[in-house]
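Along the sequence shown, residues carry numbers from 1. Counting starts at 1 for both ligands and their atoms, in listed order.
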Amino acid sequence: MTTVGILGGGQLARMMALSGAPLGLRFLLLDNVSDACAGQFAPMLVGDYRDEGILAEFADKVDVATFDFENVPAESARWLSAKVPVFPNPNALAVSQDRLAEKNLFRELGIDVPDFRDVPDLTALNSAIAELGLPCILKTRRLGYDGKGQFRIKVPADAEAAWAALGSQAATVGLILEAFVPFQREISVIAVRARDGEFKSWALTENWHVDGVLSASLSPATDTAEFEATALECARKVAVALDYVGVFALELFLCNGRLLANEMAPRVHNSGHWTIEGAETSQFQNHLRAVLGLPLGSTRSVGVSCMLNWIGTLPEAAPVLSDACGHWHDYGKQARAGRKVGHATLRADNAKDLSESLQALGRQLDREAQVAPPVARLK
Ligand code: AMP
């Protein structure tokens, strides 16, 4: 019996555990809160990720360890890797936790990125603004997610407010200033690399965010054929450079015919949830196969899919459940503003059927605004 250890017990661990059941796998979770939602499906240790006592107990009980979120301290991952195989490797985790290290790596690999500057202090912020121009975005280098730890600087006077909001973090997690990209589309590559180096990626996904949080994803992305090979090659280069094992997401902006890499997430990703129903093998199961050294499954799309995120509260389930294209995912979490509490994926055989289902659902749930961007692409 193989036990997979997962650091983090949120919805990603939960979907991983569900996808691992047919493989006969057992799971052990480690989370710092006792009500983490994957704990409804798998045993869980509760404690601090830096606590060597709990890490030792975790390591004793698992055959391999992986992550459901990237902000596990890289030192804990390193400590654990001396006792049990850890995938992705702690160095890959450390690089992808740090926006500056990640962007430097992308540049070294010849992958275009929005122009950026390290911002160690206020003087550096002012000269970076002068160099990059306005608008631009000040971001924490580490520990930011879903648009948190970011401040948009639109006019020179915003610099002071940006520093007041984030300046105190310059000495702890670091800050980076990025040029604002007036992108036409946001695309992600969900890819997987196996222990033996085999690399596969799913069809490109187009994503729409609201207030920095993912709202909808459509895959295959429409009208992106000319960029697909470049996007996949970028993802492959990053995976090889980091000796990456497992699933990861590479987020790209498409701007005036150019692809610019925004960031990578060293884990299964929200923009890949559609793969559960919309691909031959889901990102969750292929992640498990990769970290266990099993053959990877086909990443072929099965029709066309659109995922809608439920943020804060769940809408009514019945309209999704009764739709022939509908697939409902309730993460078993308490409702809370800004929290990802579930999603639905609509999967259809063709763009027309998907568009009709999306429009009907948008009307029934009073979420026309959420479905409008993918519907516009499916015309
Ligand atoms: P991130 O946490 O870096 O993924 O940022 C969250 C969202 O903010 C992205 O998905 C974009 O919609 C937006 N964003 C982040 N960085 C930039 C940028 N340099 N230019 C324009 N929009 C951005």
* To do: List the steps, then state whether ring pair (Phe, Tyr, Trp, His ring centres under 6.0 Å) holds for H287 with F87.
  => CA-CA 10 Å; H287 181 72; F87 298 112; 9.2 Å; no
* Asked: Taking non-hydrogen atoms only, is P182 closer than 4.0 angstrom to ligand 1 via side chain, backbone, both or neither?
  -> neither
* Asked: Applying a 4.0 Å heavy-atom criterion (strictly less than), which segment of N207 is in contact with ligand 1: side chain, backbone, both, or neither?
  -> neither
Could you list which atoms of ligand 1 come closer than 4.0 Å to a heavy atom of [X]?
X	answer
E251	4 (O)
E186	9 (C), 10 (O), 11 (C), 12 (O)
K139	3 (O), 15 (C), 16 (N)
H209	10 (O)
F253	11 (C), 14 (N), 15 (C), 16 (N), 17 (C), 18 (C), 23 (C)
F183	12 (O), 21 (C), 22 (N)
R152	8 (O), 13 (C)
F180	20 (N), 21 (C), 22 (N)

For [Y], does its backbone N or O pair with a side-chain atom of [X] as donor and acceptor, under 3.5 Å?
X	Y	answer
R117	A124	no
S301	G303	no
S282	Q285	yes
D98	R142	no
D158	K154	yes

* ring pair (Phe, Tyr, Trp, His ring centres under 6.0 Å) between F69 and Y49, worked out -> CA-CA 12 Å; F69 87 127; Y49 296 113; 5.6 Å; yes
* Asked: Below 4.0 Å from any atom of ligand 1, is there a heavy atom belonging to G149?
  -> no
* Does some non-hydrogen atom of K148 fall short of 4.0 Å from ligand 1? -> no
Salt bridge or not for [X] and [Y], using N-O below 4.0 Å?
X	Y	value
E233	K237	no
D68	R14	no
R107	D115	yes

* **Test of proximity, I137 against ligand 1: N or O pairs below 3.5 Å** => no
* Just going by heavy-atom distances, which of P114, C255, S188, A179 is nearest to atom 19 (N) of ligand 1? -> A179
* Counting heavy atoms only, name the option from S271, A265, G212 that's nearest to atom 7 (C) of ligand 1. => G212
